[in-house]
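Have a look at the structure below before the remarks.
Below, chains carry the letters A, B, ... as their sequence lines are ordered, and counting in each starts from 1.
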There are 2 protein chains.
Amino acid sequence: MLETVTLMKTAEATDNVPESTRKGDAEKRGRKASKEVRQLQLIEATIDSLAKRGYAETTMADVADGAGLSRGIVNFHFESKEKLLIATLQHMYDEYSAHWRASLQKAGDDPARQLQQLVWADFDRSICNKRKLAAWLAFWGEAKSRPTYQALSSSRDNYYQQVFIDLCATLKESGGYSYEPQVIALALSAMLEGLWLRLMMGTEDTTRETALQAANAFLAAAFPKHYG
Amino acid sequence: MLETVTLMKTAEATDNVPESTRKGDAEKRGRKASKEVRQLQLIEATIDSLAKRGYAETTMADVADGAGLSRGIVNFHFESKEKLLIATLQHMYDEYSAHWRASLQKAGDDPARQLQQLVWADFDRSICNKRKLAAWLAFWGEAKSRPTYQALSSSRDNYYQQVFIDLCATLKESGGYSYEPQVIALALSAMLEGLWLRLMMGTEDTTRETALQAANAFLAAAFPKHYG
DNA sequence: CCATTTTGAATGAATGTTCAACAAATGGTG
DNA sequence: CACCATTTGTTGAACATTCATTCAAAATGG
């Protein structure tokens, strides 16, 4: 039991998991809550392994060791290695999705501010750190050849893209720009992914700060009336 | 010598041809080809396998089968699987490098045209096709956790980035723009990589044509005096 | 006939999965 | 509360499979 608590601490230290629901569930249904915690713990260990060793070298044994548990435990909570990886990808996808939606919510009603918040959200520490970027990249590398991953591995889904397009369309009208919203939205979102890619690769000239500078420079160049 | 030509043909045909209709059964078995041709043949088969199965599922047997040769042959021409993969990556790196340098050469002396050609070169069929993009992505996914890959896997190296920065600096002066060349060059090159990423992933809204449109839109937005 | 290239089976290591045994928590019953 | 049965969770060894590598023998070309 004591071990469970400390392990939960480390698992949550890396992320920003809300603490509110945890204790309540534990008191009501200690067993079920413990099950969810274990699964989360194993997912976190999987992200660790993906980040440290890459997709190809990530083994069940490494995940179990990383979580401080025995070898057979992963097949109990997740049926197979593939299902563990899918659950991990789903977890990261949900987290990313919730993050940009929250950022959009906080931005208020001004579309210029909304777009800016959406861009900045991509470089937030909670999302944009070495560990998670490396895990994303590991999945991306396998996504094209694994149909199961394709839907989730984009992280930026169709709806996300549509929000970008709509915002660009709104700014175009209010600013009198001349390009197609779809096209400039694609350029913008592609640049964000490209900046992530550079951060993942650990290219020397790219840090979270310089990446954010570049993103801001794009906004200023494309929407001078709003961000100039 | 004649055989050399035919083998090179099949190797290059796979870039554009949808799939299958490969393997020159005529001259595959028993016949000795020159060492270099065999190695190239195996490298092409490796790219095929990476594109079709991804990094994690690429096996020596699959490479050998794809080349129509026996199992042990890869360890004869390349010492190990790792060295085969490094040679494959080096091959792709060299090809990409030669391609953009040639494009730059052809562009003449006008810096605006040079930058445009550099951007367009990224979406040339010979470089930008499903097979090779998938292979690139497979390497990217493993690069961060494999020091041996890091230098080669960027495809766009430091020199490439410096050329971008210099061109942006020149355009800045002649056009009276206000941003830092380094920053806008990072935004531009990141967008190119991001567009590649979308093409690799097979996102529906992104084709080679729309990607090129987005890249052009970026140029027009960032350098209106030159590309408006 | 010699050097080089190619084959394909053998080998050994790595790894995902299964499972029987064990531990702990839960729920019911007296 | 005490006791036991049952469900749930965990372990670690055994098992089967996959795969890179090795190598002796065969094939090929000069």
Quiz item: Phosphate oxygens OP1/OP2 of D:dT10: is one of them under 4.0 Å from a side-chain N or O of A:His77?
Solution: yes
Roughly how many Å is it from [atom1] in [X] to [atom2] in [N], rounded to a whole number?
X       : N      : atom1 : atom2 : result
A:Glu79 : C:dC19 : CD    : P     : 13 Å
A:Arg38 : C:dA25 : CZ    : P     : 12 Å
B:Leu69 : D:dA27 : CG    : P     : 17 Å
A:Leu42 : D:dT10 : CG    : C1'   : 12 Å
B:Phe78 : C:dT5  : CZ    : P     : 13 Å
B:Phe76 : C:dG8  : CZ    : C1'   : 16 Å
B:Asp65 : D:dA20 : CG    : C1'   : 14 Å
B:Arg53 : D:dC19 : CZ    : P     : 8 Å

Quiz item: Under 4.0 Å between a Lys/Arg side-chain N and an Asp/Glu carboxylate O for B:Asp124 and B:Arg208?
Solution: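 No, B:Asp124 and B:Arg208 are not salt-bridged.
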Quiz item: Is the Lys NZ or Arg CZ of A:Arg156 less than 6.0 Å from the centre of A:Trp196's six-membered ring, within 45° of the axis?
Solution: yes
Self-check item: Full working for side chain to side chain contact (heavy atoms under 4.5 Å, CB included) between B:His91 and B:Glu44
Solution: CA-CA 10 Å; B:His91 176 76; B:Glu44 293 294 335; 3.7 Å; yes
[options]: which one has an atom nearest the side-chain heavy atoms of [X]?
X       : options                : answer
B:Met60 : D:dT10, D:dC19, D:dT21 : D:dT21
B:Lys35 : C:dG16, D:dA20, C:dT5  : C:dT5
A:Asn75 : C:dT18, D:dC19, D:dT21 : C:dT18
B:Ser70 : C:dT7, D:dG9, D:dT22   : C:dT7

Quiz item: Taking only residues two or more places apart in sequence, or in another chain, which ones meet A:Asp166 in a salt bridge (Lys or Arg N to Asp or Glu O under 4.0 Å)?
Solution: none
Quiz prompt | Pair assignment for DNA chain C - dot-bracket with | for other-strand partners, Watson-Crick or G-U under 3.5 Å | solution = ||||||||||||||||||||||||||||||
Quiz prompt | Distance-only donor-acceptor check, side chains B:Asp157 and B:Tyr96, under 3.5 Å | solution =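 The criterion, which ignores hydrogens and geometry beyond distance, is not satisfied for B:Tyr96 and B:Asp157.
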Quiz prompt | B:Met92 side chain near B:Leu152 side chain, heavy-atom distance below 4.5 Å | solution = no
Practice problem: From the options B:Thr88, B:Thr58, B:Thr59, select the one residue that forms a side-chain hydrogen bond (donor to acceptor under 3.5 Å, both in side chains) with B:Ser49. | Solution: B:Thr58
